[in-house]
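A short worksheet on the structure shown next.
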Amino acid sequence: MPAPDLETIVSLCKRRGFIFPAAEIYGGFANTYDYGPLGVELKRNIRDAWWRAMVRERDDVVGLDASLITHPRVWVASGHVATFNDPLVDCKKCQQRWRLDHLLEGDYGTVKRDTAGNPLCPNDGGELTEPRQFNLMFKTQIGTVADDSAIAYLPPETAQGIFINFENVVNSMRRKLPFGIAQTRVSFRNEITPGKFVFRTLEFEQMEMEYFCFPPKDRENPAEYLELHQQWIAARLAWYRDTLGIDASRLRIRNHDKAELSHYSAGTADIEYLFPWGWGELEGIAARTDFDLTAHGKESGHPITYFDEETHQHLVPWVIEPAAGLTRTLAVTLLEAYTEEPDEKGDKRVVLKFRPNVAPVKIAVLPLSKNEALRPLARKIYDMVRTTWMTQYDETQSIGRRYRRQDEIGTPVCITVDFQSVGEGENPGDDAVTLRDRDTQEQVRIHVANLMAVLRERLPGC
Ligand code: ATP
């Protein structure tokens, strides 16, 4: 069962060092969060799992890390300067600002209206201003001269850095169509949306890939291109289910209807997750045709094409773009992993049942007590396993409480060193340790010589 509500996860994240509200000592800073020691590991593991599936395990995709500060004309060509807008309304009474589309969709609760049917402020029922278009890009100034030529934008998505490097990658890596370029990095959007934890933040991480293919034979009826789009939708859905372990019943595909699609798009499907407040987007998979490469070709005056050696013609490839939110996926991974169950005494046991590949800590080495006699073997094991896996060493508090703590941060395996391991009085030690499984709580004795092999089996993909 997933977490019952978001508050449960928010409080666990703070208590256990996953995610902290940013700048709390200054009273907080809306829609910004800091990732703590465990959050940073979880984020890294999800990013690595994506990179592995999208780049390492494929021979048709390569990686890229483009500059965050981007030439301003890139955002003119992409359409972001002109159209990356949200309609905003302000409450004339309490001054709270709302996104009109979200308000009308009921994101802030039941829509209140005046007698003429106009929506009212969800906060205090106050009258709202006329909607104004608000560009979501953060602007920054470069250099010392404050004129327009020095304005730059922080990237609101990662895709454009890929498009403008298309030729560099083709030429340097001798790539033939079809092939993809993948990138993970921070994006920034001046979002006006209160709440919902890391679901929607000002600064977030994305994992995007542009898959370039031959243009379809028939532009109006691009059957083979739409087939490729469907293949990517299926592959991405399978990744959430099979690699992250997200329950299929809480995942769905939502196809955008005509009204939602941009004029150039041949189709977009969102992978959505059933959040505690309803369905929300995790990833968009867009069939963007040749729009972006053509637009950058026009804006820069440098046409971006691919030379087809078979037909000896220059062509503009078409693109499929799976664009996922890393930080949003992290929130889902936490919600899904959260489990409450009764322990052997009937008390509540909280367990984060992460797949081992994403668990922030893979192993905890726990000597039964602080007794000096246990320490040398426990430290030896700690030193042995931590070179391969993220490991914690903990000898404080009772063993039961330490198990609970590791359950609550989702550590798949605990290794306990006791007096049977090191020997006591006349009895020689057996050089074996206890392995405890997080989910079943089963304990087995393993000889130290076999430990690494057993751990490898228990921690697949780690
Ligand atoms: P939404 O409709 O939720 O605003 P979007 O359609 O604008 O999302 P895309 O531009 O398709 O989002 O970005 C791809 C992914 O990036 C989204 O599916 C989401 O996971 C993530 N994402 C977008 N905006 C944010 C944000 N402000 N905070 C966290 N993640 C985000």
Side-chain angles (χ1 to χ4, degrees), residues 6 19 22 29-33 35 39 43 46-47 50 54 75 78-80 83-88 98-108 134-138 154-162 182-210 229 232-233 236-237 239-240 244 246 251-257 259-262 265 267-275 277-288 291-292 319-335:
L6 199 56
I19 301 174
F29 202 45
N31 297 334
T32 56
Y33 290 90
Y35 287 80
K43 185 143 62 102
I46 297 172
R47 193 194 293 114
W50 184 88
M54 299 297 268
W75 305 113
S78 68
H80 283 85
T83 60
F84 196 50
N85 296 318
D86 278 340
L88 289 191
W98 308 95
R99 257 183 74 170
L100 184 60
D101 52 341
H102 287 177
L103 189 152
L104 295 175
E105 282 159 18
D107 275 17
Y108 312 127
F134 172 82
N135 195 291
L136 289 184
M137 282 197 294
F138 280 105
L154 299 184
E157 51 150 63
T158 82
Q160 302 309 321
I162 296 179
Q183 175 164 249
T184 70
R185 64 174 200 186
V186 180
S187 294
F188 303 86
R189 292 184 193 177
N190 201 354
E191 301 268 16
I192 309 291
T193 306
K196 293 192 183 154
F197 198 38
V198 294
F199 176 79
R200 190 179 300 284
T201 45
L202 301 180
E203 173 189 331
F204 54 99
E205 280 182 62
Q206 289 186 307
M207 310 181 289
E208 291 193 358
M209 199 265 291
E210 303 300 327
H229 187 213
W232 273 110
I233 297 169
R236 295 302 305 140
L237 184 67
W239 183 77
Y240 289 99
L244 298 188
I246 295 171
L251 287 170
R252 75 171 185 193
I253 302 288
R254 187 181 71 82
N255 288 303
H256 286 208
D257 56 33
E260 267 180 284
L261 288 180
S262 333
S265 175
T268 295
D270 289 345
I271 296 179
E272 295 190 334
Y273 176 75
L274 187 56
F275 287 91
W277 58 86
W279 291 98
E281 177 181 333
L282 264 183
E283 169 161 351
I285 302 148
R288 300 182 62 90
F291 172 78
D292 304 88
V319 170
I320 304 284
E321 174 192 85
L326 169 55
T327 33
R328 214 176 260 188
T329 301
L330 179 143
V332 168
T333 309
L334 281 160
L335 283 162

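Remember, it's 1-based here, ligands and their atoms both numbered in the order they're listed. Note that the coordinates shown come from a computational prediction; the quantities given were computed from them, not determined experimentally.
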What atoms of ligand 1 come within less than 4.0 Å of a heavy atom belonging to Glu191?
24 (N), 26 (C), 27 (N)
Tell me, which protein residue and heavy-atom name are nearest [atom], and how many Å apart are they?
atom	result
atom 22 (N) of ligand 1	Phe204 CE1, 3.5 Å
atom 29 (C) of ligand 1	Phe199 O, 3.2 Å
atom 20 (O) of ligand 1	Leu282 O, 2.9 Å

Might you work through the salt bridge (Lys or Arg N to Asp or Glu O under 4.0 Å) test for Glu208 and Arg185, ending with a clear yes or no?
CA-CA 9 Å; Glu208 291 193 358; Arg185 64 174 200 186; over 6 Å; no
Is it true that atom CZ of Phe134 has more than 12 heavy atoms of other residues, nucleotides or ligands lying nearer than 6.0 Å?
yes
Which one of Arg99, Glu157, Arg189 has a non-hydrogen atom at the shortest distance from atom 10 (O) of ligand 1?
Arg189
Which one of Glu260, Glu205, Arg200, Glu281 has a non-hydrogen atom at the shortest distance from atom 4 (O) of ligand 1?
Arg200
Decide whether an N or O pair under 3.5 Å exists between Thr201 and ligand 1.
yes
Polar-atom distance check: Gly325 versus ligand 1, any N or O pair below 3.5 Å?
yes
Less than 4.0 angstrom from a charged side-chain N to a carboxylate O is my criterion; do Glu260 and Arg254 meet it?
yes
Any Gln206 heavy atom less than 4.0 Å to ligand 1:
yes
All side chain to side chain contact (heavy atoms under 4.5 Å, CB included) counterparts of Ala324, not counting sequence neighbours:
Met207, Arg236, Tyr240, Glu283
Output all residues satisfying ring-ring contact (aromatic ring centres under 6.0 Å, His included) with Trp277, sequence neighbours left out; order by chain, then residue number.
Phe199, Phe275
Close side-chain approach of Leu244 to Trp239, heavy-atom, < 4.5 Å:
yes
Ligand 1-proximal atoms of Asp270, by part, heavy-atom distance under 4.0 Å
neither
If the test is side chain to side chain contact (heavy atoms under 4.5 Å, CB included), which one of Asp270, Ile253, Ile320, Thr268 qualifies with Ile233?
Ile253
